[in-house]
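Single-structure report; data block below.
Fair warning: this is a prediction, and the values are worked out from it, not measured in the lab. Residue numbering restarts at 1 for every chain, and letters A, B, ... go by the order of the sequence lines.
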Number of protein chains: 2
Amino acid sequence: METETPVAAAGGAPSEGRPPLSRERIVTAALALADREGLDALTMRRLAADLGVAPMAPYTHVRSKEELLSAMFDAVIGSMDLPEGDGGDWSEELRSLGRSFRRAMLAHPGAVPLCVNEPPMGPRALRAAEVTFSVLRRAGFADRDIVRAFFTVVTYAMGFLVVEVAQTRNCPPEEREEMERQRKLQFESLPLDEFPNVVALAPWLGHLPVEEQFEYGLDRLIAGLEADLSPGRVRRAR
Amino acid sequence: METETPVAAAGGAPSEGRPPLSRERIVTAALALADREGLDALTMRRLAADLGVAPMAPYTHVRSKEELLSAMFDAVIGSMDLPEGDGGDWSEELRSLGRSFRRAMLAHPGAVPLCVNEPPMGPRALRAAEVTFSVLRRAGFADRDIVRAFFTVVTYAMGFLVVEVAQTRNCPPEEREEMERQRKLQFESLPLDEFPNVVALAPWLGHLPVEEQFEYGLDRLIAGLEADLSPGRVRRAR
DNA sequence: ACCTGAACACCGTTCAAGT
DNA sequence: ACCTGAACACCGTTCAAGT
């Protein structure tokens with residue numbers, strides 16, 4: 001988070017001049033730990049150790065581990081870059097919001113798996129939602145479709161991110177190429193009569209350029225929304 | 001799984017006439033446990049207890065908990081209903097594959113969070129992938145776009161499901177209506193000057209008909225794919 | 001109000017034995 | 001080959017104390 005207070009960041013002696021615990025300090029430390037070693041390594045006990053404090057101390061500021069996880073997710077989404085101006089093509093603005101969401105989440109890969117727990121509607125995430133709603137409203141969507149379109153884009157982006165970081169986390173970049181080659185070979189060697197398409201597509205299935213794939217899906221989704229809006233098409237009743 | 005052997009399903013005495021452990025029996029029991037009490041309750045120790053066996057016994061058939069989770073996910077996707085005929089509108093077939101995926105996953109809600117670990121490309125899931133590829137090929141997509149379109153639809157469906165079951169799990173149907181009313185009120189009471197759209201959309205944000213929302217996104221996505229394919233539009237180079 | 005320390009009821013997995 | 005039992009190094013959270 002950019003709101004992080006950098007005071008005494010390099011934790012020195014355990015109990016000397018240590019700033020008092022606060023919700024924000026706890027969330028920041030939790031994000032740092034999850035980013036460094038993965039969400040599984042984020043343990044209330046390890047978190048307390050990182051903060052130089054007894055295992056139960058964080059519970060004064062956070063009701064439970066689950067509440068902490070929610071706060072972490074909300075904090076990351078709250079750090080999204082949001083467009084300022086009200087001008088420009090709505091579809092380009094929506095695309096840019098999608099990219100912004102991905103960028104913010106990738107800055108804290110440890111928090112990405114939290115996507116699965118709840119839609120991004122926490123206190124700090126609300127600003128991003130508001131901006132997205134206003135973009136869709138100016139595009140001409142009806143109230144109901146604004147909400148539907150919003151959740152559709154969010155669903156796509158979350159699904160993508162969650163799989164993206166899961167893939168990149170459990171396989172360091174050095175082994176990456178080798179793994180892709182392995183997977184390609186595996187698909188190629190399947191029985192041709194049973195899996196003709198999997199075999200034929202093996203080269204593409206082995207190596208998915210992640211950036212391009214994100215853009216492709218986002219493009220198709222927004223094109224689909226555009227088609228729903230365009231005057232040449234009959235709007236569905238209700 | 002429909003391949004489940006129903007022999008001695010009602011586990012009686014701990015060590016009398018019990019069928020020998022097998023990978024399949026383990027996966028089936030693990031799915032049953034996860035469906036009943038959630039993925040968090042799926043513990044190697046509890047699983048062993050359910051199977052009437054020592055904590056370490058399952059490890060003879062399964063290398064680690066992670067491997068078991070992969071097998072569970074693959075088994076659920078392998079249970080998808082797949083269209084037989086090669087006829088019909090490709091977009092309708094794709095829609096129906098999306099629905100089939102959701103139906104299969106919802107039949108085992110405990111396995112849904114596993115979506116985040118890997119794309120559905122395991123041994124049993126491959127049949128579903130093959131069918132989807134063939135539908136997209138007949139639609140006229142180039143090899144590369146077949147794969148891109150496939151992963152886009154899968155990403156959307158997985159993202160949707162993961163949030164859907166997370167929402168329905170930690171809130172029983174009785175409390176559901178009350179929670180929705182609460183959320184609506186919460187959105188309505190936000191400062192109007194800061195969140196005009198969130199306030200205006202509160203009724204829709206409170207209550208999202210889940211079935212409809214899934215169909216909406218799937219429709220828009222497929223419409224977007226259609227637009228990429230239609231002759232009236234210039235196909236992108238490369 | 002904020003933090004501590006011991007304790008409870010759990011985990012996944014290793015390892016050496018058993019049959 | 002398949003299963004057991006004890007053990008190791010952990011969990012989240014409750015509870016009674018401390019300051």
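Residue Ala57(A) is the one, among Glu66(B) and Ala57(A), whose nearest nucleotide of DNA chain C lies closer to the 5' end (criterion: closest heavy atom).
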Shorter than 3.5 Å, N or O on both sides, protein versus nucleotides 10-12 of chain D: list them out with atom names.
unit_1  : atom_1 : unit_2   : atom_2 : d
dC11(D) : O5'    : Thr43(A) : OG1    : 3.3
dG12(D) : OP1    : Met44(A) : N      : 3.2
dG12(D) : OP1    : Lys65(A) : NZ     : 3.0
dG12(D) : OP2    : Met44(A) : N      : 3.0
dG12(D) : N7     : Arg45(A) : NH1    : 2.4
dG12(D) : O6     : Arg45(A) : NH1    : 2.7

Protein and nucleotides 16-19 of chain C: nitrogen or oxygen contacts under 3.5 angstrom:
none

Exercise. When you look at Leu47(A) and Val53(A), which way does the side chain to side chain contact (heavy atoms under 4.5 Å, CB included) test go after all the steps?
Worked result: CA-CA 9 Å; Leu47(A) 176 61; Val53(A) 112; over 6 Å; no
Problem set entry | Full working for side chain to side chain contact (heavy atoms under 4.5 Å, CB included) between Gln167(B) and Leu208(B) | CA-CA 11 Å; Gln167(B) 295 290 95; Leu208(B) 272 204; over 6 Å; no
For this session: Let me see the working for Leu68(B) and Met44(B) under side chain to side chain contact (heavy atoms under 4.5 Å, CB included), right down to the final yes or no.
Result: CA-CA 10 Å; Leu68(B) 171 62; Met44(B) 293 307 276; 4.0 Å; yes
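Classified by interplanar angle (parallel below 30°, tilted 30° to 60°, perpendicular above 60°), the ring pair Phe160(A)/Phe214(A) is perpendicular.
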Determine all donor-acceptor pairs shorter than 3.5 Å in which one atom belongs to a side chain in residues 190-205 of chain B; sequence neighbours excluded.
unit_1    : atom_1 : unit_2    : atom_2 : d
Asn197(B) : OD1    : Arg137(A) : NE     : 2.6
Asn197(B) : OD1    : Arg137(A) : NH2    : 3.4
Asn197(B) : ND2    : Glu130(A) : OE2    : 3.0

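Each salt bridge (Lys or Arg N to Asp or Glu O under 4.0 Å) pair with one or both residues in residues 150-168 of chain B, not counting sequence neighbours, appears once here: Arg102(B)-Glu164(B). Residue pairs meeting the salt bridge (Lys or Arg N to Asp or Glu O under 4.0 Å) criterion with at least one member in residues 103-116 of chain B, sequence neighbours excluded, are Asp81(B)-Arg103(B).
Taking a pair as Watson-Crick or G-U wobble with both distances under 3.5 Å, the runs of three or more consecutive pairs in DNA chain D are C:4-8 with D:12-16, C:12-16 with D:4-8.
If you measure from atom CG of Leu21(A) to atom C1' of dT4(C), you get 13 Å, rounded to the nearest angstrom. Note: CD1 (Ile26(B)) to C1' (dC2(D)) measures 11 Å, nearest angstrom. Rounded to an integer number of Å, the gap from Met56(B) CE to dT14(C) P is 7 Å.
Considering Glu180(A), Gln186(A), Glu178(A) in turn, Glu178(A) is the only one that fulfils the side chain to side chain donor-acceptor pair (under 3.5 Å) rule with Gln182(A).
Counting only heavy atoms from C-beta outward, the side chains of Thr152(A) and Leu221(A) approach each other to under 4.5 Å. Residues Val154(A) and Pro120(A) have side chains in contact (heavy-atom distance under 4.5 Å, counting atoms from C-beta outward).
Considering only side-chain N and O atoms, His61(B) lies under 4.0 angstrom from the phosphate OP1 or OP2 of dC3(D).
Around the CD atom of Glu66(B), the shell of radius 6.0 Å holds no more than 12 heavy atoms that belong to other residues, nucleotides or ligands.
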